[in-house]
Amino acid sequence: MGKTLSEKIIGSHLADGKLQDAAQIGLQIDHTLTQDSTGTLAYLEFQAMGVPKVRTNLSLSFVDHNMLQNDFRNADDHRYLQGVAAKYGIVFSRPGNGICHQVYLERFARPGYTLLGSDSHTPTAGGMGMIAIGAGGLDVAAAMAGEPFYLEMPEIVNVKLTGALSSFVSAKDVILEVLRKLTVKGCVNKILEYTGPGVKTLTVPERGTITNMGTETGATTSVFPSDEVTQTFLTGQDRADQWVPLEPDTDTSYSETIDLDLSKVEPLIALPHSPDNVKTVSEVEGTTVDQVCIGSCTNSSLRDLKMVAALLKGKKISDHVSLTISPGSRQVLENLAASGELVDLIHAGARVIENGCGPCIGIGQAPTSGGITLRTFNRNFKGRSGTKDAQIYLVSPETAVASALTGTITDPRKLKEYPKICLPEKFLINDNMFVFPAPQPSNVEIVMGPNIKPLPTFPPLQAKLSGEVLLKTGDNISTDDILPGGSQVMSLRSNIPEISKHTFRPIDADFAERALQKGGGFIVGGENYGQGSSREHAALAPKYLGVKAVLVKNFARIHLANLINFGIVPLTFADKQDYAHIAQGDTLELDTANLQKNLTVKNLTTGISVQVECELSDLDRAMVLTGGKLAAIKKKHASAS
Ligand code: MIC
Ligand code: SF4
C-alpha cells in the first residue's frame, strides 16, 4: 500500500514511534518560527533550557503582532527578541517586515520540510508542501533545543478537489466551504491533505489561504502537493533550487475522502461568532456594513491585494464604510508600490496600515459599538475586534471589496468585470529587514525591559487535588475567551502576574480575583475547549491563579498540549452526560496518585462521583507529575552537560 503525502513527510522526519493510527510520534523539526506575542515566553523558556545555540536547520523570530508602541512595553519586547535572536543563532524579522506566515511562505518555506511555529496558523506553509504545525511556545523552545515534537499520529483526510473556481470566487470561499462541512471541531487530530486535478488551478498563496484557515477546523495541519505551480512560485522568489516535486502515492488510502468541486463553490461568509457559521453571501446580502478590513495571514498575499487593487481601481468606497488594508509583508507592499497598484488602493479611500496582524487580533481599528465589520481574516470570536458588541463577518477579498463599495454585504459577482490577476514571474525581493545572527554571540547583550518578568515556577503535582469549580463553561470556549487579545492585554504577554488578572475576563470579569481568593480550583467545560490560538498564556495564567485541573467533554489540540506542558491535569468526562452533575461552586476532590487513565472525581457538594479519563502518554504523565515540561527538559540538558 502506498503512502499519503503527509505520511511521506512525517515518515522522513520520524524521531520516535511508528506511523500508526493514533500512535504517539516524535517528529524531527527542521524549521521553527515564533512571533512576538508568543515569542517572548518561548525564548525565556529556551534560555532556561541552557542550550547555547538553536539546534534546528533554521529558526526565525518575527515581530508582527504587538506593533502598537503606546508605551515602552512592546518596544522592550522587540529589543529583547532581537537580542535573543542574535545570541542564539536565530533569524530576526524586524517589526513592519510582515506577518510571520506570509513572510515565511515567501522567503523560507521548503517542500518536504517540517516547521513548528508558536502560532496556530503555522499550517499556512502547508501550501508549499510542508508539514507545518502550530504549538505552544514551550514546545517550540524544545524543538529549538533539538527535541522532537511529540503528537498523536493524525488521521489523514483526503480533500479531493476537482474543477476550477468561477469568477469572483476564491480560496477563502473554498476553506469556508470546508468549514461549513467539517465545523470548528471536526478535524481534531486530523490532517487535511488536498489532492485531485483541482489542485493545479490554485497558486501557492491561494493554497496558503486554505491551509491557513484549516486551523479553524481543529486540524493538526493541512497540506498540498509540491508541483509545477510550487516550482513557479519558488522561481519567482529566486529559490528555484529549493523545489522538489512531492505527491501522495497513487495506491494510497485515506481515513476519509471529501469531494469538493471547485466550480460549484459560491461566495461564502461566516456569520458571528464562529468561523463555521457559514452561509452564502447572497443569503445575507443587503446588511449595512460599518467597516471592512482586508489583510491577516489568511488574505494579504500579493495575489489578494492585486485583486483588491484591480476591483477598487477608479472607484470610491461607500461614505459610511471605513476600509483598512494591512499588507501581509513588506514584499507585498513593495510590489504593489512598484506596479502602481498601491495608488489604486489609496485613491479609492483605503486606509493602508502597517504590514502586520493589526485589527485581526484587536490591535487597533476597533469598530463602532454594535458595528458590523467584514473581515478577510480567519476568526470572528466575540470581542476579538476590540469592540465587545461588534458583529464580525469573515469573507473573501472579493466580497470585502464589493461590500466596501456598496456599503452593504454584496455578492462580488455583482461587480461584473472580473480582473485577471497574474503574479510576477519574478517578485521584487528585499531581504534587508531580516537581521541574521551575530558572528560573535558572546558579545551580544540581551536587554530585558521592566515588563519582562521571570517565568513562574511550580511545584510537583499534589497527590490529592481538591477545590471549588471556579467556572463552568459551555462548548467551543476559545483561547480568546480564556485570555483576550487587544493591545492592552497583549502588551502584558511577557508578564504572567499582570496578564493573569485578565484570565476569563470576556466571560467572567471576576474570575481572577475569585480564583486567588479560593486558593485555586477546577474549571469545567464542554466540547472543543480551548479552540483557537496557540497562546500558552491561556494555560500558564490559569495555572498561576491556582487552577489544578480542567474537566471537559473534549479539548482542542494545542490547548491540551499547553495544559500538560504547565502541569494542569487535563480530564475528560467518561460519560458526557455527567457534565450536568457538576455546577459552578461545587467542591471537587480527585486522587491523582500516578495519574492513571481512569480516575474518579468526587463531588463533595452533591455526593455524586463522576468517572473521568486522563489520557496521557507516559512522557506527558511524568511531566505533569513533576510540575511541567520545562522542569523535565532543564533536567535533561543539565545532566547531559
Ligand atoms: C491569533 O490569531 O489568535 C494569534 C494572536 O495569532 C494567536 C497567537 C497569540 O495569541 O499570540 C494564534 O493564533 O496562535
Ligand atoms: Fe496574526 Fe491574525 Fe494571523 Fe493570528 S490570525 S497570526 S493575529 S494575522
Side-chain angles (χ1 to χ4, degrees), residues 68 70 172 176 179 184 216 267-296 298-299 316-326 348-351 353 357-397 399-412 473-490 502 504-511 531-533:
L68 270 191
N70 278 335
K172 179 62 154 284
L176 288 173
L179 268 154
V184 289
E216 271 54 65
L268 295 173
I269 183 164
L271 271 47
H273 298 285
S274 180
D276 63 357
N277 191 9
V278 176
K279 301 267 181 289
T280 60
V281 172
S282 54
E283 280 175 89
V284 284
E285 245 190 334
T287 310
T288 304
V289 172
D290 303 290
Q291 185 192 45
V292 174
C293 299
I294 298 176
S296 90
T298 316
N299 277 125
K316 179 188 162 290
I317 58 167
S318 160
D319 283 348
H320 62 86
V321 170
S322 167
L323 169 66
T324 71
I325 297 181
S326 32
R351 301 166 66 181
I353 56 179
C357 301
C360 177
I361 188 62
I363 307 285
Q365 311 303 332
T368 49
S369 336
I372 294 201
T373 174
L374 245 63
R375 303 178 155 213
T376 66
F377 307 164
N378 47 40
R379 291 187 173 139
N380 58 348
F381 303 138
K382 197 159 193 252
R384 190 172 158 101
S385 64
T387 302
K388 213 170 169 184
D389 59 359
Q391 309 276 314
I392 310 175
Y393 292 72
L394 305 175
V395 294
S396 70
T399 303
V401 173
S403 309
L405 290 171
T406 59
T408 58
I409 295 177
T410 302
D411 190 320
T473 74
D475 292 344
N476 295 321
I477 286 296
S478 75
T479 50
D480 283 6
D481 296 319
I482 304 174
L483 207 57
S487 59
Q488 285 178 20
V489 181
M490 298 264 294
H502 299 268
F504 285 113
R505 206 197 56 206
I507 51 176
D508 183 344
D510 305 325
F511 178 86
Q531 69 162 331
S533 92

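Owing to the predicted nature of the structure, the values given are computational and were not obtained by experimental measurement. Every heavy atom of this structure was used, including side-chain atoms; hydrogens, water molecules and symmetry mates were not. Quick note: residue numbers are just sequence positions, from 1.
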Chi angles and distances behind the side-chain contact (heavy atoms from CB on, under 4.5 Å) call for Leu394, Thr298: CA-CA 11 Å; Leu394 305 175; Thr298 316; over 6 Å; no
side-chain contact (heavy atoms from CB on, under 4.5 Å) evaluation trace for Leu374 with Ile409: CA-CA 8 Å; Leu374 245 63; Ile409 295 177; 3.9 Å; yes
Side-chain H-bond candidate by donor/acceptor type, Arg351 with Ser322, under 3.5 Å: yes
Side-chain donor/acceptor of Thr410 to backbone N/O of Thr408, under 3.5 Å: yes
Heavy-atom closest contact (Gly407 atom, His320 atom, distance): O-CE1, 3.1 Å
Shortest non-hydrogen contact between Asp480 and Pro506, atoms and distance: O-CG, 3.6 Å
Gln531 (side chain) donor-acceptor with Ser478 (main chain) under 3.5 angstrom: no
Distance-only polar pair, side chains of Glu285 and Ser282, donor-acceptor under 3.5 Å: no
Asn378 vs Pro275 side-chain heavy atoms within contact, under 4.5 Å: no
Any side-chain heavy-atom pair of Asn380 and Tyr393 under 4.5 Å: no
Donor on one side chain, acceptor on other, Ser274 and Asp276, under 3.5 Å: yes
Distance, nearest 0.5 Å, that separates CD1 of Ile361 from OG of Ser533: 7.0 Å
Asp290 side chain reached by Val321 side chain, heavy atoms, under 4.5 Å: no
Donor-acceptor contact present, side-chain Ser403 to main-chain Thr399, <3.5 Å: yes
Minimum heavy-atom distance between Arg375 and Pro367, given as atom pair plus value: NH2-CD, 3.9 Å
Nearest non-hydrogen partners of Ser296 and Thr376, listed with the distance: OG-O, 3.7 Å
Side-chain (Lys172) to main-chain (Phe377) donor-acceptor, under 3.5 angstrom: yes
Nearest heavy-atom neighbours spanning Ile353 and Ser326: CG1-CB, 3.8 Å
Min side-chain heavy-atom separation Pro359-Thr324 under 4.5 Å: yes
Residue pair Asp389 / Ser369, side-chain donor-acceptor N/O under 3.5 Å: no
Within-4.5 Å side-chain heavy-atom neighbours: Met490 and Ile363: yes
Working for side-chain contact (heavy atoms from CB on, under 4.5 Å), residues Ile482 and Ile477: CA-CA 8 Å; Ile482 304 174; Ile477 286 296; 3.9 Å; yes
pair Gln291-Ser385: side-chain heavy atoms closer than 4.5 Å: no
Backbone of Ala402 reached by a side-chain donor or acceptor of Thr406 within 3.5 Å: yes
Euclidean distance, Lys382 NZ relative to Lys388 NZ, rounded to 0.5 Å: 6.5 Å
Atom CD of Glu283: over 12 foreign heavy atoms under 6.0 Å: yes
Minimum side-chain heavy-atom gap Thr287-Ile372 below 4.5 Å: yes
Gap between atom CG of Asn476 and atom NE2 of His273 - 0.5 Å precision: 13.5 Å
Heavy-atom pair of closest approach, residues Pro272 and Gln391: CG-OE1, 3.4 Å
Side chain proximity check, Leu176 to Ile269, heavy atoms < 4.5 angstrom: no
